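In the text below, chain A, chain B and the rest are named by the order of the sequence lines, each starting its count at 1. When reading the values below, keep in mind they use all heavy atoms of this one structure, side chains included, and skip hydrogens, waters and symmetry mates. The shown structure was predicted, so the numbers you read here are calculated from the model rather than taken from an experiment.
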Amino acid sequence: MRFNFNSSEPIYLQVAQQIREAIFTKTYLEGEQIPSTTEISRDFHINPATVLKGMNLLVADGLIEKKRGIGMFVAEGAQRRIVEKRREFFYQDEVVKLISEAKKLQISQKELVELIKRGF
Amino acid sequence: MDGIIVKEIKKSFNKATILKNIDLQIKPGKIYGLLGRNGAGKSTLLSIITNRIFSDEGTVMLDGNTVFENDEALGQLYLMSERNLYSNSSKLRQLFNTTELLYGNFDYNYAQKLANMFELDLNQKFGKLSTGYRTIFKLIVSLCVPAKYVFLDEPVLGLDANHRELFYRELVDNYVKTGKTFVISTHLIEEVANSLEHVFVIRDGQIIVDGDVDDVLEKAYLIAGPVKEVEQYTAGLNVIGQETLGNIQGSYVFGELDSERILPDTVTVEKMDLQKLFINLTNARGEKK
Amino acid sequence: MTVKEKNVVFFLSKRVFRQLLYVLMWLLLGGIVFPMVLSFITGTNYNLVEAIRNITLGPMLYIIIGCLALLSYSDFKILIQNGISRRTYWKAKVIAFLGISGLSQVIGILYVFLIRQTLSGTGWEKYSLFMQIYGGFFKNTTVAYLMSFLFAILSSFVFSLFCILIGSIFSLFTKKQRRLIFLALITLFVVGIMTTADGYNRYGFTVSSKVINVLNFLAGYDKSTAGKGLNPTMPFIDLIIFGIFSGICSLKVMKHFKIRNE
């Protein structure tokens, strides 16, 4: 796992985002253990309370599960759920924007499909 | 369990007022940052908390008992200060033994491990060490001493980048393992910022910020855009600093934004990090008003 | 005594012992080895027995320990770094020095008896100030000896306490201030002696009878027993009062110790 911290977002959100990304890219497979709060704190000098806050976001989303006394594990279906969510975002953020921009440029639906085919 | 409660501490040296009226609480089991520029009064405050010097007024209590001349309370506090109180003629191992004798339960194994990591030869005399290695030695003691509250005053003084990295790792690791409370006093914030849970910012002998890092940063904004729009949007808010480049202005705001106001398309709102916030809170411009 | 106080006593005693051994080593070198080598070089006779016989161990330790009791700030620094209060430091220091000075006098007395007497057989009374002044009071020599030992031990206690007080007062000042005070005191001392001597030469010198009475009282001089030696109870009482005074004052002074910027 690698952290590239930027300064404008709260650290706990960045922790959550980095782990989510790692599950998405299958760096951590479903059912596998992820690094402990302590390990992450230690390696990146982040206060354990902050790391825990980030992890708790993922627990609330059902992406990771706590196994008492052992640690945190990637939940069943976590990767698939991330993909679904990102597809949703992809439509909301990218496609809708793309279409509105295309409309501004007077690109027809057919032309847009052609353009996408060309770029694919 | 109230931890340490510092109440209405005042301190002057000769005629200069160093601490005006300090109130703060240090709860067990957290990593605190005491941030302030050089001469803001950090070291004086820590020296008063650990009974090394006396305040003119005010009290320091640990779990309800005064710390003043109280062996039992003092035995739970350890201050690693910039000033060296260890005698130059003592060997480092002897100093470990002294710490063990007077604090009890010194973690020799861990100390040896740390000494190896930092490449510190424990058979040397304290007086023979360079500034950096004196710091390293004192850090090792700080991490191995069984005191519940460890105060680190400028803990990375003279350390190179590798050693600083090593120290931050061990600090967090030690914190997780022992649950000790650390209070880190520094003016070099960037490296330590993410390790902190709670910060005090001290300026001119007064605490101007006291809160959890997340809560504090929640209220720290950078508003950027054309000068006129930014001025309009931030009018009346607590602007603690500004940067201008041509027609573009960035204003640092600490405090709530006015949700009634409409944010112009040309203006962006970003969050500040601790370093930026600190610089803007404690710079010379902030002192005017 | 708490465990912590005991540990501080142990810590300080160890430090003083180390310093003491160090000083003694140098004294041995300067007092015996050096003259021996010198006599070897110059070809004169060197009498080791004579040299050992002439060592006045008790008074020597008395002075050295007093000097060591003067040092305060360096101990204070390391103790405050290790979470020890000023009061505990004072208590431990007093206990440590009472122990060490008492022990040193016992050793001094044993030394007098064992070595000097086996080597020469001469009495030791003439070396004891107490025996010189108060010895005549006692009819029984054993009692006189015993009292003399007690006096030696007690006076070493009090001397240590006094030195602790002086040392602690000096520790309140920075190095620079200490140097200035030291210079001022020496100047005062020299000038004082000179003016006193000058006054004595010119006008003669009379001490008020009140002062003499007080001094007599403190020394245990009584006209009725004049000639038989002075009353030995008085110096004991003087010492005890002075010792308690020094002890209390040194506590008061040490309570003001703080870490200085130097």
(request) List the steps, then state whether side-chain contact (heavy atoms from CB on, under 4.5 Å) holds for B:Val216 with B:Phe254. (result) CA-CA 9 Å; B:Val216 170; B:Phe254 184 55; 3.9 Å; yes
(request) Apply ring pair (Phe, Tyr, Trp, His ring centres under 6.0 Å) to B:Tyr149 and B:Tyr78, showing your working. (result) CA-CA 6 Å; B:Tyr149 297 85; B:Tyr78 180 87; over 10 Å; no
(message) Between B:Tyr110 and B:Tyr108, is the ring pair (Phe, Tyr, Trp, His ring centres under 6.0 Å) condition met? List the steps.
(response) CA-CA 5 Å; B:Tyr110 186 38; B:Tyr108 284 102; over 10 Å; no
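Interface residues of residues 164-172 of chain B toward chain A, defined by a heavy-atom distance below 4.5 Å and sorted by number: B:Glu165, B:Tyr168, B:Arg169, B:Glu170, B:Val172.
Residue-environment remark: CG (B:Asn105) stays at or below the threshold of 12 foreign heavy atoms within 6.0 Å. At most 12 non-hydrogen atoms from other residues, nucleotides or ligands lie less than 6.0 angstrom from CD of A:Gln109.
Of the listed residues (B:Val176, B:Asn174, B:Leu274), the greatest number of heavy-atom pairs within a distance under 4.5 Å of chain A belongs to B:Val176.
Looking at B:Leu217, neither its backbone nor its side chain comes within 4.5 Å of chain A, counting heavy atoms on both sides.
If you take CD on B:Gln25 and CG on B:Asp2, they are separated by 6.5 Å, rounding to the nearest 0.5 Å.
Electrostatic pairing of B:Asp214 and A:Lys53 counts as a salt bridge here, judged by a charged N lying under 4.0 Å from a carboxylate O.
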